[in-house]
Chemist: 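I have a structure I would like to understand better, so I am pasting it below and will then ask my questions one at a time.
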Amino acid sequence: ALTNYRTTCTAPSTFTINYNTDGGSPIAATSGTTLPDPLPITTKTGYTFAGWYTDSEFNTPATAGAAITQNTTLYAKWTINQYTVTLNPNYPNGKTGTFTYDAGELVDGNLVLTYDYNTASMTIEDLYTSLTLDGYEFGGWYNAKGLNPGEVSGSKCTTTGTITGNKTYYAKWTQKVYTVTATSNNNNYGTVSVSGTTITASPKTGYRVSTTAPYTISPSGSATVTQN
């Protein structure tokens with residue numbers, strides 16, 4: 001007797017693959033028996049894409065082309081971007097001031113601070129302790145430097161604005177101007193004169209300028225005294 005055998009063939013099952021981008025650019029669902037190869041890429045402002053995972057706790061990375069046996073959701077992992085705020089003291093040529101701070105680090109004389117993307121706006125003067133330069137007045141922070149060290153252009157800034165990229169601010173300096181005046185305590189003994197920052201004492205015959213320098217110069221070092 002002959003026995004007939006019938007074989008039934010069915011197409012392999014396909015499964016739906018969903019992509020949870022956690023706020024990134026959307027990825028349409030796909031289907032198949034394996035994960036796509038290559039896996040799709042998603043983007044998110046202020047973050048760097050760190051790959052797909054098969055669980056929401058990011059314990060198991062997804063492998064491109066891996067076989068799947070059920071509907072699957074892949075989860076995008078993100079790393080927040082960090083940006084720098086740089087305070088450039090912008091000293092005039094040949095000058096060096098004093099820059100003190102509690103956070104950040106000095107890099108080539110600039111104070112560099114690092115913040116996460118979308119950090120709220122901060123007051124610039126709160127980012128450091130003090131900035132001084134002998135003989136100069138500090139004039140605030142600007143978002144562009146001038147043609148020469150110590151000079152600035154652009155706009156004066158008091159706050160950083162929300163942190164969405166790297167920012168650099170430049171200090172403005174104005175040289176202090178002093179008025180030098182001189183008077184003799186007794187013109188019968190001699191006279192004094194001023195030329196620029198030099199004070200010249202001219203005693204009359206029989207008198208001399210005291211070697212103990214009974215005079216006061218303010219600010220200290222703003223003038224020199226010579227004797228004729």
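We're numbering straight along the sequence, starting at 1.
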Chemist: Can you check whether Pro92 reaches Leu133 side chain to side chain, under 4.5 Å on heavy atoms?
Modeler: yes
Chemist: Counting N and O atoms only, with roles assigned by atom type, does the side chain of Thr174 sit under 3.5 Å from a partner on the main chain of Glu137, one being a donor and the other an acceptor?
Modeler: no
Chemist: In Å, rounded to the nearest 0.5 Å, how long is the span from CG of Asp55 to OG1 of Thr73?
Modeler: 11.5 Å
Chemist: Mind checking whether Val152 and Ile124 sit in one hydrophobic cluster, side chains of I, L, V, M, F, W, Y counted as touching below 4.5 Å?
Modeler: no
Chemist: Provide the closest heavy-atom pair for Pro40 versus Ile27 in the form atom of the first, atom of the second, distance.
Modeler: CG-CG2, 3.9 Å
Chemist: Could you go through the side-chain contact (heavy atoms from CB on, under 4.5 Å) check for Thr164 and Tyr117 one step at a time?
Modeler: CA-CA 5 Å; Thr164 57; Tyr117 167 77; 3.9 Å; yes
Chemist: So which of Trp141, Tyr169, Phe138, Tyr101 actually passes ring pair (Phe, Tyr, Trp, His ring centres under 6.0 Å) with Tyr128?
Modeler: Trp141
Chemist: Flag the pair Leu131 / Leu87 as yes when at least one side-chain heavy-atom distance between them is below 4.5 Å, and no otherwise.
Modeler: no
Chemist: Please say yes or no: joined through hydrophobic side-chain contacts below 4.5 Å, possibly via intermediate residues, are Phe49 and Leu39 part of one cluster?
Modeler: yes
Chemist: Rounded at 0.5 Å granularity, tell me how far CG in Asn81 sits from OG1 in Thr45.
Modeler: 9.5 Å
Chemist: Kindly check if the number of other-residue, nucleotide or ligand heavy atoms within 6.0 Å of CG (Asp134) is above 12?
Modeler: no
Chemist: Show the numbers, then the answer: is there a side-chain contact (heavy atoms from CB on, under 4.5 Å) between Asn110 and Phe99?
Modeler: CA-CA 9 Å; Asn110 303 321; Phe99 207 167; over 6 Å; no
Chemist: For Asn148, give me all partners under side-chain hydrogen bond (donor to acceptor under 3.5 Å, both in side chains), at least two apart in sequence or on another chain.
Modeler: Glu151
Chemist: Please determine whether the number of non-hydrogen atoms from other residues, nucleotides or ligands lying under 6.0 Å from atom CG of Asp108 exceeds 12.
Modeler: no
Chemist: Is there a side-chain contact between Tyr83 and Thr114 (heavy atoms, below 4.5 Å)?
Modeler: no
Chemist: I'd like to know if the side chain of Trp52 and the backbone of Ala64 have a donor-acceptor N/O pair within less than 3.5 Å.
Modeler: no
Chemist: At their closest point, which heavy atom of Leu127 faces which heavy atom of Val85, and how far apart are they?
Modeler: CD1-CG1, 4.0 Å
Chemist: Got Leu74 and Leu35 here, is their nearest side-chain heavy-atom distance under 4.5 Å?
Modeler: yes
Chemist: Any side-chain heavy-atom pair from Asn118 and Thr162 closer than 4.5 angstrom?
Modeler: yes
Chemist: Would a distance-only check, ignoring hydrogens and angles, find a side-chain to backbone donor-acceptor pair under 3.5 Å from Thr72 to Gln70?
Modeler: yes
Chemist: Cation-pi between Lys95 and Tyr91: NZ/CZ under 6.0 Å from ring centre and within 45° of the ring axis?
Modeler: no
Chemist: Any idea which heavy atoms bring Pro89 and Ala171 closest together, and the distance?
Modeler: O-CB, 3.2 Å
Chemist: Any donor-acceptor pair under 3.5 Å linking the side chain of Trp173 with the backbone of Gly135?
Modeler: no
Chemist: Ignoring hydrogens and geometry beyond distance, is a side-chain donor-acceptor pair present between Thr100 and Ser130 at under 3.5 Å?
Modeler: yes
Chemist: Indicate yes or no: at least one non-hydrogen side-chain atom of Ile68 is less than 4.5 angstrom from one of Ile17.
Modeler: yes
Chemist: Is the backbone of Asp22 close enough, under 3.5 Å, to the side chain of Lys44 for a donor and an acceptor to pair up by distance?
Modeler: yes
Chemist: Do Ser121 side-chain atoms and Gly161 backbone N/O form a donor-acceptor pair below 3.5 Å?
Modeler: yes
Chemist: Please name the pair of heavy atoms, one in Asp37 and one in Gly65, separated by the smallest distance, quoted to 0.1 Å.
Modeler: CB-N, 3.9 Å
Chemist: If we ignore angles and hydrogens, is there a donor and acceptor under 3.5 Å between the side chains of Ser153 and Tyr170?
Modeler: no
Chemist: Would you kindly confirm whether Tyr47 and Ile41 end up in one hydrophobic cluster when ILVMFWY residues are joined by side chain heavy atoms under 4.5 Å apart?
Modeler: yes
Chemist: Is a donor on one side and an acceptor on the other found under 3.5 Å between the side chain of Asn143 and the backbone of Gly154?
Modeler: no
Chemist: Under 4.5 Å between side-chain heavy atoms, counting indirect links through other Ile/Leu/Val/Met/Phe/Trp/Tyr residues: same cluster for Ile80 and Trp78 or not?
Modeler: yes
Chemist: Report yes if the side chains of Met122 and Ile163 come closer than 4.5 Å at any heavy-atom pair, otherwise no.
Modeler: yes
Chemist: Which heavy atom of Ala50 sits nearest a heavy atom of Thr79, and at what distance?
Modeler: CB-OG1, 3.9 Å
Chemist: Flag yes if Tyr75 and Phe15 sit in one hydrophobic cluster, no otherwise; membership is Ile, Leu, Val, Met, Phe, Trp, Tyr, and two members link when side-chain heavy atoms are under 4.5 Å apart.
Modeler: no
Chemist: Would a distance-only check, ignoring hydrogens and angles, find a side-chain to backbone donor-acceptor pair under 3.5 Å from Thr42 to Ser25?
Modeler: yes
Chemist: With sequence neighbours left out, write down each residue that passes side-chain hydrogen bond (donor to acceptor under 3.5 Å, both in side chains) with Asn166, or none if nothing qualifies.
Modeler: Thr84
Chemist: Under 3.5 Å, is there a donor-acceptor pair between the side chain of Lys167 and the main chain of Thr160?
Modeler: yes
Chemist: Measuring only between side-chain heavy atoms, which start at C-beta, is Asp116 closer than 4.5 Å to Gln82?
Modeler: yes
